[in-house]
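Worksheet: the structure to be examined is printed underneath.
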Amino acid sequence: MSDQIKSIVEKLNKEPFKKNYNLITFDSLESMQLLQLLNDVLGEIDPKHVVDIREEMPEQTAKRMLSLLGILKYKPPGSITDLSTFRQGLVIGSKPVIHPVLHWLLQRTNELKKRAYLARFLIKLEVPTEFLQDDPVADTNKQYEDLMEAFKNLHKECEQLKTSGFSTAEIRRDITAMEEEKDQLIKRVERLKKRVETVQNHQRMLEIARQLRVEKEREESLAQQKQEQKNQLFHAEQRLQRVQLQLKDMQHAVVDSKPESLMKRLEEEIKFNSYLCSEKFPRELESKKQSLYFLQKVVSEPAMGQSDLNELETKINGVNAQINQLIEKRMMKYEPIDSKFSMYRQQASIISRKKEAKAEELQAAKEEMSSMEKQMLQKANQARELDGTEVLKGDEFKRYVNKLRSKNTFYKKKRQEIAEITAEYGILQRTEELLKQRHEAIQQQLQAIEDKKGISGYSYTQEELERVSAAKSEMDEMKGRTLDNMSEMVKKLNAMVADKKSSLAPIIKELRQLRQNCQELTQECDEKKVQYDSCAAGLESNRSTLEQEVKGLREECIQEESCYHHTNCMKKNLEIQLQRAKDEMKTYVSPDPQDRRKAIREQYTRMILEQENLGKKLREKQKAVRESHGPNMKQAKMWRDFEQLMECKRECFLKQQNQTSVGQVIQEGGEDRLVL
């Protein structure tokens with residue numbers, strides 16, 4: 001409690017409360033002051049609760065605080081489990097009730113502010129069903145629910161933006177920087193326009209530059225279309241390879257196969273798929289739903305501390321122990337009845353576990369086979385992309401190695417040539433630098449001459465025009481080449497598509513026949529499945545009725561057994577009491593005095609006599625004390641007076657002795673003076 005109060009005082013002395021409390025002043029607060037302090041903290045969390053509690057009734061205050069604490073999901077501590085006790089303590093301002101509430105609120109103020117804000121918009125108003133029959137009310141309620149969902153989505157987006165790292169200050173700085181860049185660019189464009197206006201035919205030059213930009217954009221779009229067509233061609237080739245592999249698998253499956261084997265294989269697949277759909281997947285779905293329900297329940301509850309977790313663990317251990325005891329009792333009760341079926345149950349459980357294990361192994365094998373097929377296709381495509389051919393084997397691989405050796409020698413020669421070219425490139429680069437320096441000096445001289453003649457910028461404009469015309473001619477050549485290449489590529493693609501169609505025509509015919517066979521088999525399978533479902537439904541209904549009858553009989557048997565055990569225990573208790581009564585009568589009637597003394601009646605009579613004798617003695621003692629009380633009190637008073645008298649005499653004696661000693665000293669001093 002001291003740590004709790006210390007943390008409460010620390011939080012109240014900080015922003016936004018600033019109460020300036022210490023442990024003594026906080027502990028000395030009265031009930032009304034504590035309630036007002038709790039109301040202030042609740043008002044900080046939800047501004048609607050900023051009120052003076054002296055202006056409202058205590059019941060209204062308690063109701064308002066309890067409603068807000070319920071919204072904030074506050075749970076009273078273990079010592080205040082009764083809600084009425086908690087409500088009463090909240091009304092009267094009890095410290096054991098208000099201190100834990102304050103500690104809980106101050107530890108998580110920001111979180112509770114958010115929860116209170118969301119509760120204003122997310123607590124759904126319950127409309128009675130008879131009112132929802134009215135169309136305007138139903139439409140308004142639906143609009144209200146839609147707005148609530150929209151608010152949830154907007155709040156989630158807002159939280160994501162807050163936690164994403166973007167701040168409004170950074171965005172504003174970016175906007176101001178972009179506006180400054182925009183102003184700079186506008187100024188540069190205006191300066192360039194002013195410079196170009198002095199040049200002849202500037203409008204024609206601008207039009208040429210615009211056409212150049214348009215052609216560049218068109219070139220980029222054409223390159224993008226070319227890349228998309230390449231991707232489409234690659235995907236079409238991959239689909240063709242997959243279809244060819246499927247066709248090969250189907251051809252291998254059809255070769256040397258009979259309708260009986262195909263039917264058997266289909267029946268096995270149907271059984272496996274029906275097992276997955278009817279038993280495995282529903283069981284897994286049910287377990288996932290149950291785990292999701294428990295997780296949602298855990299999330300909806302408030303945060304727990306270590307003490308709560310320990311308490312839950314102890315409860316779980318106790319419940320598990322009770323379950324184990326009940327299972328043992330049940331096994332002891334029903335062991336003779338279930339002994340006949342235990343062996344069959346064990347066998348059924350073993351078979352079901354084996355079945356589940358084999359189904360999981362089959363599913364894993366299928367997934368592994370599909371992944372291996374994908375890897376095989378990827379490796380084949382990579383090999384085809386690298387060299388354009390399939391994987392080499394035997395003599396082809398040897399020829400490929402010889403070819404690589406010849407290429408290696410050729411590579412070494414070219415590498416030597418590249419080294420010579422790089423050396424020559426260094427020399428040319430140095431000469432280029434010298435020529436650039438000379439060109440810059442000549443340009444400066446030319447600029448000075450143009451300034452003298454009054455035609456500054458003429459050489460720069462001429463160079464720009466020459467460069468633009470050269471770039472336009474290059475672009476025209478590139479466009480011509482790209483168009484030619486694209487037309488050739490389209491022709492090749494059309495030819496390849498025609499070849500693929502002609503090669504796939506017989507395969508498609510065979511595939512149609514196989515599809516017809518598959519449709520017939522699926523129809524027959526559906527009919528069989530309907531028959532199976534009807535038969536299974538009938539058996540399931542019979543089984544459920546039998547199970548209900550067995551359950552009712554077992555419950556009756558349990559009730560009868562409990563009644564039997566209860567009556568048996570009562571009978572044993574009565575027999576024991578009867579035997580004790582018989583033994584008592586026997587000992588009481590016995591002629592032997594020793595046996596009579598052992599009787600309970602004799603023992604109690606002796607005890608009664610002893611207590612009566614003791615009472616007589618105590619009464620006589622009390623009488624003697626009462627009679628001697630007065631004289632004893634007088635004697636005690638006389639002794640106290642005597643003690644006071646003796647004390648007074650002692651004090652008088654001491655005073656007299658002191659006076660005689662002083663007189664002797666004075667007398668001795670006078671005699672000394674006379675002698676002198």
Is there a side-chain contact between Leu69 and Leu105 (heavy atoms, below 4.5 Å)?
yes
Please test Arg242 against Arg239 for side chain to side chain contact (heavy atoms under 4.5 Å, CB included), starting from the C-alpha separation and ending with a verdict.
CA-CA 5 Å; Arg242 285 197 295 271; Arg239 284 198 297 272; 3.2 Å; yes
For the CD atom of Glu561 and the SG atom of Cys557, what is their distance to the nearest 0.5 Å?
4.0 Å
Do the side chains of Asp146 and Lys142 get close enough for a salt bridge, i.e. N-O under 4.0 angstrom?
yes
Salt-bridge contact Glu286-Arg283 (side-chain N to carboxylate O under 4.0 Å):
no
Close side-chain approach of Gln227 to Asn231, heavy-atom, < 4.5 Å:
yes
Please examine the side chains of Gln290 and Tyr293, heavy atoms only from C-beta on, and report whether any two atoms are closer than 4.5 Å.
no
Taking all atoms of both residues into account, what is the closest heavy-atom pair of Lys95 and Leu34, and its distance?
CG-CD1, 3.5 Å
Give the minimum heavy-atom separation between Ile270 and Cys525, together with the two atoms involved.
CD1-SG, 2.9 Å
Ignoring hydrogens, what is the shortest heavy-atom contact between His103 and Gln107? Give both atom names and the distance.
O-CG, 3.0 Å
Distance-only, no hydrogens or angles: does the Asn568 side chain make a donor-acceptor pair with backbone N or O of Tyr564 under 3.5 Å?
no
Salt bridge present between Glu179 and Lys182 (N-O < 4.0 angstrom)
no
For Ser94, give me all partners under side-chain hydrogen bond (donor to acceptor under 3.5 Å, both in side chains), at least two apart in sequence or on another chain.
none
Heavy-atom closest pair (Thr25 atom, Ser28 atom, distance to 0.1 Å) is O-OG, 2.9 Å
Assess the residue pair Asn39 and Arg64 against the criterion (side chain to side chain contact (heavy atoms under 4.5 Å, CB included)); give the C-alpha distance rounded to whole Å, side-chain angles, the decisive distance to 0.1 Å, and a yes or no.
CA-CA 10 Å; Asn39 191 76; Arg64 179 170 54 79; 2.8 Å; yes
Heavy-atom closest pair, residues Met65 and Leu38:
SD-CD2, 3.9 Å
May I ask you to check whether Glu149 and Asn153 show a side-chain donor-acceptor distance below 3.5 Å?
no
The single option from Leu72, Leu68, Leu42, Asp46 passing side-chain contact (heavy atoms from CB on, under 4.5 Å) against Leu112:
Leu72
For residues Thr314 and Asn317, is any side-chain donor paired with an opposing acceptor at under 3.5 Å?
no
What verdict does the side chain to side chain contact (heavy atoms under 4.5 Å, CB included) test give for Asn13 and Asn22, after you've listed the backbone C-alpha separation in whole Å, the side-chain angles of each residue and the deciding distance to 0.1 Å?
CA-CA 9 Å; Asn13 291 334; Asn22 55 27; over 6 Å; no
Using modelled atom types only, decide if a donor and an acceptor are shared between the side chain of Arg213 and the backbone of Ala209 within a distance under 3.5 Å.
no
Looking at residues at least two apart in the chain, or sitting in another chain, which of them share a side-chain hydrogen bond (donor to acceptor under 3.5 Å, both in side chains) with Glu145?
Lys124
Say you draw a straight line from CG of Leu102 to NE2 of His99; how long is it, rounded to the nearest 0.5 Å?
7.0 Å
Given Leu37 and Leu12, is the side chain to side chain contact (heavy atoms under 4.5 Å, CB included) satisfied, shown in steps?
CA-CA 9 Å; Leu37 183 62; Leu12 290 174; 3.6 Å; yes
Using the rule given for salt bridge (Lys or Arg N to Asp or Glu O under 4.0 Å), can you reason through Glu111 versus Arg115, listing the C-alpha separation, both sets of side-chain angles and the distance that settles it, and then say yes or no?
CA-CA 6 Å; Glu111 179 186 351; Arg115 189 175 291 173; 3.2 Å; yes
Take atom OH in Tyr532; do more than 12 heavy atoms of anything else shown fall under 6.0 Å from it?
no
So how far is it from Gln229 CD to Leu222 CG, rounded to the nearest 0.5 Å?
10.0 Å
CD of Glu547: more than 12 outside heavy atoms within 6.0 angstrom?
yes
Does NZ in Lys63 sit with more than 12 non-hydrogen atoms of other residues, nucleotides or ligands closer than 6.0 Å?
no
